[in-house]
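Data first, discussion second: the structure below is written as structure tokens.
Only a predicted model underlies this, so the values are computations on that prediction, with no experimental measurement involved. Each chain gets a letter, A, B and so on, in the order the sequences are listed, and its residues count up from 1.
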There are 2 protein chains.
Amino acid sequence: MNQEYSGSGDPAKSLELLWRRRPQPTRGPKPALTVDQIVTAALKVADTDGLAAMSMRRLADELGVGAMTLYRYFPGKGELLDVMLDTVYGELPRRDVPGEWRAKLDEVARENRELYLRHPWMLQVAISRPPLGPNVMAKYEWELSAVEGIGLSDVEMDSTVALVNGYVHGAVRTAVEARQVILRSGMTDKEWWLAHVPHLDQISDLAKFPLSARVGTAVGSEFDAPYDVDHAFEYGLERLLDGVSALVVNRSAPEG
Amino acid sequence: MNQEYSGSGDPAKSLELLWRRRPQPTRGPKPALTVDQIVTAALKVADTDGLAAMSMRRLADELGVGAMTLYRYFPGKGELLDVMLDTVYGELPRRDVPGEWRAKLDEVARENRELYLRHPWMLQVAISRPPLGPNVMAKYEWELSAVEGIGLSDVEMDSTVALVNGYVHGAVRTAVEARQVILRSGMTDKEWWLAHVPHLDQISDLAKFPLSARVGTAVGSEFDAPYDVDHAFEYGLERLLDGVSALVVNRSAPEG
DNA sequence: GTTATACTTCGTACAGTGTACGCAGTTGAC
DNA sequence: GTCAACTGCGTACACTGTACGAAGTATAAC
């Protein structure tokens, strides 16, 4: 139900948090927790029970402290989400694939996909602006290196990386939502379609929508196996890279 | 802050609501409101103040009734969102563009984009499953007709339409978020980047991320004009359709 | 050694959210 | 005239993020 915003406060404060450069004070009691402890606990909750379950109270309970204690470590929930994001981006292997740009971009897409599948809550965080932590920076640098030196302008490099990332984000979100809706509703897409068809036909006469009826049925009967989700991802990625290819060829051989 | 789920209750009830086929009872007082009145008011709130502002209480206030009154017309907020979605999909012109599939798919992308830009709250509704109302059905039928008869299988037709829709959804969401974050933060992307660079450089040494520094600056200095958002959309759509083209050519001339 | 200061934890409170429940009043069927 | 079906809606509940301030503690300054 909830898409949460990441933080947007003071740049210096946020960066200190992301890079763990908080100047530790001399006076006063030593803090009982660390930023990393809180982030670890938050990730555990988000990974296992979803982002909606990760309330500040729940998280505090998990850590055995009062809810307001967390606000000594983070200005607000948004900043915590920022650090969580940067942390999981650190899980990217960031493999340096030898060969052409296409293989590299393919790797970028695949690694991001795996990450999203492992932490589906990431898809519910609306990043107003990327949290410029160490892992986000390294990720962006690595992604840009996939399209460096093939004749694209700086802006085109950014657009291309954003395009691939946008595709992966959308594709995985669709897949994850599809998976979750099956769990919540207890119905597969096929069952859901078959449950609606008779009512729909009675209310409106499905013959008015011949293509929808035909394709809907075909999709419903084929798309119950999980491999099909993978197939849709591959299909879209191939289309996308084919499209990028057209641009790259155009840029690398402008005299042709 | 909130991404809301659309409804997922009894199919018959939901379809009755979407198609306005509620059997009106004979006994009891005549309802003071209609489904359409509520939906119109809800759309007004969502369009002007965003989805977060569209609470049931706010909506009820707007209509001059008690909050719980709305639950006489809709089982829950999810179902209301479903009807809202189906209603705005009715604004699609669904123009029948003459010529090739590419022009038709292009039109599909453009009309959907316009709609999302006009009703940005749509992007925050996580549709677990499409609300099968009259306008959603007509939209799907129209979209499928763009890729009918060019040699694709039924499943490929659905995948292709979903791919284009997914792209538009993601692209517009990015653009809308970018627009909104400027309003909320009072900073353009360039200003934001320039506010972070000195801190980032001090904390970590930006020279470790040469590509990011170069490209980030280039993007920041160019992407402040609104036309650039349009440009990014065009760029991605061209890539995508190029990619689809590769598949269509392959299917239409398999003997080559 | 005392005091002042900076820092900690966290209970309480506030303004929200969606909606379950049940009561009071109204209408038409019998 | 009676009853069942229906409508509007007040109240309540379990949540949410977090502002405020009180109480306690460790250290710097004197």
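- Listed by chain and residue number, A:Arg95 satisfy the salt bridge (Lys or Arg N to Asp or Glu O under 4.0 Å) test with A:Glu111 (two or more places apart in sequence, or in another chain).
- Atom CE in A:Met54 sits about 11 Å away from atom C1' in D:dG17, given to the nearest Å.
- Partners of A:Asp49 according to the salt bridge (Lys or Arg N to Asp or Glu O under 4.0 Å) rule, which considers only residues two or more places apart in sequence or in another chain, are A:Arg58.
- Taking atom CD of residue A:Gln24 and atom P of nucleotide D:dA26, one finds them 16 Å apart after rounding to whole Å.
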task = Determine, for nucleotides 5-11 of chain D in 5'-to-3' order, which nucleotides have protein heavy atoms under 4.0 Å from the base (write B), from only the sugar-phosphate (write S), or from neither (write -).
result = BBBBBBB

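- Of the two residues near DNA chain D, A:Ser55 and A:Pro75, the one whose nearest nucleotide lies more 5' is A:Ser55.
- Taking atom OH on A:Tyr71 and atom P on C:dT12, their separation rounds to 18 Å, with Å as the unit.
- Counting to the nearest Å, the P atom of D:dG17 and the CD atom of A:Glu79 are 14 Å from each other.
- With sequence neighbours excluded, no residue satisfies salt bridge (Lys or Arg N to Asp or Glu O under 4.0 Å) with A:Arg21.
- Applying the salt bridge (Lys or Arg N to Asp or Glu O under 4.0 Å) rule to A:Glu16 yields no partners; only residues at least two apart in sequence or on another chain are considered.
- Salt-bridge annotation for B:Asp189 and A:Arg129: present, with a side-chain N of the basic residue lying under 4.0 Å from a carboxylate O of the acidic one.
- Remark: P of C:dG16 and CE of A:Met56 are 21 Å apart, rounded to the nearest angstrom.
- In this structure, B:Leu59 atom CG and C:dG18 atom C1' are separated by 13 Å, rounded to whole Å.
- Under the ring-ring contact (aromatic ring centres under 6.0 Å, His included) criterion, A:Trp192 pairs with A:His196, sequence neighbours left out.
- Rounded to a whole Å, the NZ atom of A:Lys77 is 17 Å from the C1' atom of D:dA19.
- Atom CZ of A:Arg58 and atom C1' of D:dG17 are 17 Å apart (whole Å).
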